[in-house]
Amino acid sequence: MFAKRFYQTRLPRSSVVRLTSRRLFILPSAAGNAGLFAMLAVYLLATNYQNNLILLFAYLLLSLFLITLLASFYNLHGVALQLLSAKPVFLGEYVKMQLNIQSERERFAICWEDDLGTHQTEIKPGQNLVNLYWLPENRGYFKLPRFKMFSRAPLGLFTVWSYPALGESVLIYPALPKTEVSFKSWQSADHEQSSLQNDVFSALNNYQKGDPVSRVLWKKALPERPWQVKEFSQEKPQPMRFNYQAVAGKHETRLSQLAALVVMAQKTELPFALILPDQTITSGIGETQGQLCLQALALQPEVNDEN
């Protein structure tokens with residue numbers, strides 16, 4: 001709890017973070033601690049035997065440690081991190097967190113920790129892209145976690161790290177079902193009948209070269225007047241209504257199947273609506289309608305099916 005409050009104070013959540021002295025931390029690594037112990041032993045040996053050559057060697061080791069400390073610290077100091085994107089995903093998929101890393105000079109052996117493990121990269125002068133991946137455990141809003149960014153360059157004697165927090169939250173949709181969901185059963189009978197019916201008469205237009213002769217209105221064709229051509233339009237299909245109550249299974253299973261239906265429907269040109277216990281999404285088409293429905297499914301309250 002103390003560490004969490006400490007990092008929140010030193011590294012408040014933001015879309016852009018620059019690693020300054022206040023936001024970086026440094027301690028000797030395991031190799032560094034062994035080196036410090038060896039340096040102390042050499043120093044005690046030199047003072048005990050009053051050997052100036054060994055004492056000079058101990059001071060040389062101390063100078064090396066101090067130089068390495070500064071080099072390790074400035075390997076991360078001044079790096080700027082910016083969150084570029086973190087798009088919604090379905091439960092069970094990894095959230096891809098894309099970062100833009102800006103640096104005025106080259107940085108060496110920079111490591112990152114996410115849910116896939118530890119990654120190492122070199123940062124070139126200018127802009128660099130880094131992807132981090134997180135696996136949410138629940139649907140709804142997923143708060144992007146703090147991630148560890150660290151380096152042990154150049155000699156591995158010190159570990160310099162930071163725990164930046166970028167962005168706010170990402171929406172997690174319900175998990176898609178592992179089995180295929182039937183889509184035809186949700187198409188209304190009105191839509192199936194309208195697809196089998198002939199086109200509906202719309203208007204009369206003057207004949208133009210290339211128009212089908214079969215559509216010419218011959219009954220009103222006169223030499224002194226231009227021919228009239230019948231124009232047809234298809235009957236507007238009835239929207240599909242994905243109803244929560246019409247889906248069998250537990251609460252999360254219903255949301256999962258409805259999410260799959262929405263994904264399938266938004267790829268078509270057919271209108272669809274979503275009916276949930278607490279709200280109704282009116283009929284619409286396309287990706288915008290799909291995102292609206294998926295957001296409503298993601299934010300549905302949890303239900304204890306055992307009661």
Novice: Quick one: which of Ile172, Asp115, Val170 gives a side chain to side chain contact (heavy atoms under 4.5 Å, CB included) with Pro136?
Specialist: Ile172

Novice: A side-chain contact here means heavy atoms from C-beta on lying under 4.5 Å apart; do Arg22 and Arg10 qualify?
Specialist: yes

Novice: Could you please spell out the steps behind the side chain to side chain contact (heavy atoms under 4.5 Å, CB included) verdict for Tyr244 and Leu255?
Specialist: CA-CA 8 Å; Tyr244 174 89; Leu255 297 181; 4.2 Å; yes

Novice: In the structure I gave you, are the side-chain heavy atoms of Leu276 and Arg254 within less than 4.5 Å of one another anywhere?
Specialist: no

Novice: Less than 4.5 Å apart, side chain to side chain, heavy atoms only: is that true for Gln289 and Pro271?
Specialist: no

Novice: Determine whether the side chains of Gln291 and Gln295 contain a donor N or O and an acceptor N or O closer than 3.5 Å.
Specialist: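 Absent: no donor and acceptor within the cut-off.
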
Novice: Can a donor-acceptor pair be found, under 3.5 Å and without considering hydrogens, that links the side chain of Arg139 to the backbone of Gln300?
Specialist: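 Such a contact is found between Arg139 side chain and Gln300 backbone.
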
Novice: Look at the side-chain heavy atoms of Ile, Leu, Val, Met, Phe, Trp and Tyr, link any pair under 4.5 Å apart, and say whether Leu81 and Tyr74 land in one connected group.
Specialist: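 Leu81 clusters together with Tyr74.
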
Novice: Would you check, one step at a time, whether the test side chain to side chain contact (heavy atoms under 4.5 Å, CB included) holds for Leu297 with Leu274?
Specialist: CA-CA 9 Å; Leu297 290 171; Leu274 179 65; 3.9 Å; yes

Novice: Ignoring hydrogens, what is the shortest heavy-atom contact between Gln257 and Ala248? Give both atom names and the distance.
Specialist: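 Of all heavy-atom pairs spanning Gln257 and Ala248, the closest is OE1-O, 4.2 Å.
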
Novice: Is the closest side-chain heavy-atom distance between Gln245 and Pro277 below 4.5 Å?
Specialist: yes

Novice: Nearest 0.5 Å, what's the CG-CZ distance between Leu36 and Phe65?
Specialist: 4.5 Å

Novice: Would a distance-only check, ignoring hydrogens and angles, find a side-chain to backbone donor-acceptor pair under 3.5 Å from Ser15 to Gly167?
Specialist: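 Side chain of Ser15 to backbone of Gly167, a donor-acceptor pair under 3.5 Å: no, none is there.
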
Novice: Are the side chains of Cys293 and Phe272 in contact, using a 4.5 Å heavy-atom criterion?
Specialist: yes

Novice: Quick check on the hydrophobic clustering: are Phe73 and Leu70 connected, directly or via other members, by side-chain heavy-atom contacts under 4.5 Å?
Specialist: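 Yes, same cluster.
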
Novice: If we ignore hydrogens and angles and just use 3.5 Å, is the side chain of Ser103 paired with the main-chain N or O of Pro125 as donor and acceptor?
Specialist: no

Novice: For the pair Tyr94 and Tyr133, name the ring-plane relationship: parallel under 30°, tilted 30 to 60°, perpendicular over 60°.
Specialist: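 Ring orientation, 0 to 90° scale: perpendicular.
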
Novice: Could you measure the distance from the CD atom of Glu93 to the CG atom of Leu176? Nearest 0.5 Å is fine.
Specialist: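 Glu93 CD to Leu176 CG: 6.5 Å, rounded to 0.5 Å.
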
Novice: Which atom pair, heavy atoms only, marks the closest approach of Pro154 to Ser72?
Specialist: CD-OG, 3.5 Å

Novice: Using atom types as modelled and distance alone, determine if a side-chain donor or acceptor of His119 lies under 3.5 Å from a backbone N or O of Leu132.
Specialist: no

Novice: Hey, could you give me the CG/CG distance between Leu19 and Leu76, rounded to the nearest 0.5 Å?
Specialist: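 Result: 6.5 Å between the selected atoms.
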
Novice: Could you check if a side-chain atom of Ile101 sits within less than 4.5 angstrom of a side-chain atom of Arg107, using non-hydrogen atoms only?
Specialist: no

Novice: Do other residues, nucleotides or ligands put more than 12 heavy atoms under 6.0 Å from Gln50 CD?
Specialist: no

Novice: Which pair of heavy atoms, one from Ser151 and one from Asn75, lies closest together, and at what distance?
Specialist: OG-ND2, 2.9 Å

Novice: So do the side chains of Leu299 and Tyr141 get within less than 4.5 Å of each other, counting heavy atoms only?
Specialist: yes

Novice: Answer yes or no: are there more than 12 heavy-atom neighbours, outside Phe90 itself, under 6.0 Å from its atom CZ?
Specialist: yes

Novice: Does any part of the side chain of Glu122, heavy atoms only, come nearer than 4.5 Å to the side chain of Phe108, both counted from C-beta?
Specialist: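 Phe108 reaches Glu122 side chain to side chain.
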
Novice: Nearest 0.5 angstrom please: Leu60 CG to Ile54 CD1, how far?
Specialist: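 So the CG of Leu60 and the CD1 of Ile54 are separated by 13.5 Å.
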
Novice: What distance do Met149 atom CE and Glu113 atom CD have between them, rounded to the nearest 0.5 Å?
Specialist: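 Answer for the CE-CD pair, Met149 versus Glu113, is 12.5 Å.
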
Novice: If you compare all heavy atoms of Gly290 against all heavy atoms of Gln266, which two are closest, and at what distance to 0.1 Å?
Specialist: CA-OE1, 3.1 Å

Novice: Test Phe57 against Val42 for side chain to side chain contact (heavy atoms under 4.5 Å, CB included), laying out the working first.
Specialist: CA-CA 8 Å; Phe57 179 67; Val42 171; 3.8 Å; yes

Novice: Stepwise, does the side chain to side chain contact (heavy atoms under 4.5 Å, CB included) test hold for Phe242 with Ile281?
Specialist: CA-CA 10 Å; Phe242 302 141; Ile281 308 297; over 6 Å; no

Novice: Please check if atom NZ in Lys143 has more than 12 non-hydrogen atoms from other residues, nucleotides or ligands closer than 6.0 Å.
Specialist: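 No.
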
Novice: Identify whether Leu99 and Val89 are in the same connected component of the hydrophobic contact network (ILVMFWY, side-chain heavy atoms under 4.5 Å).
Specialist: yes

Novice: Can you say whether the rings of Tyr43 and Tyr59 are parallel (under 30°), tilted (30 to 60°) or perpendicular (over 60°)?
Specialist: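 Aromatic pair Tyr43/Tyr59 classed tilted.
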
Novice: Under a 3.5 Å distance rule, please check whether Asn48 uses its side chain to pair with a backbone N or O of Leu44 as donor and acceptor.
Specialist: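 Not confirmed, Asn48 side chain does not pair with Leu44 backbone.
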
Novice: With clusters defined by side-chain heavy atoms of hydrophobic residues (ILVMFWY) lying less than 4.5 Å apart, directly or transitively, does Phe150 cluster with Tyr7?
Specialist: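 Looking at the clustering, Phe150 is in the same group as Tyr7.
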
Novice: Taking Arg18 for its side chain and Gly78 for its backbone only, find out whether a donor-acceptor pair lies under 3.5 Å.
Specialist: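 Yes; at least one donor-acceptor contact below 3.5 Å.
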
Novice: Nearest 0.5 angstrom please: Leu55 CG to Tyr49 OH, how far?
Specialist: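 Result: 15.0 Å between the selected atoms.
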
Novice: Indicate the atoms forming the closest heavy-atom contact of Ile26 with Leu69, along with that distance.
Specialist: CD1-O, 3.7 Å

Novice: Write down the atom of Leu144, the atom of Arg13, and the distance for their closest heavy-atom approach.
Specialist: O-NH1, 2.8 Å

Novice: I'd like to know if the side chain of Arg146 reaches the main chain of Leu11, judged simply by a donor and an acceptor atom lying under 3.5 Å from each other, with no hydrogens or angles considered.
Specialist: yes

Novice: Could you check, using the six-membered ring where one of them is a Trp, whether Tyr163 and Phe6 have ring centers closer than 6.0 angstrom?
Specialist: no

Novice: What about Phe142 and Leu135, same hydrophobic cluster or not, with Ile/Leu/Val/Met/Phe/Trp/Tyr joined at side-chain heavy-atom distances under 4.5 Å?
Specialist: no

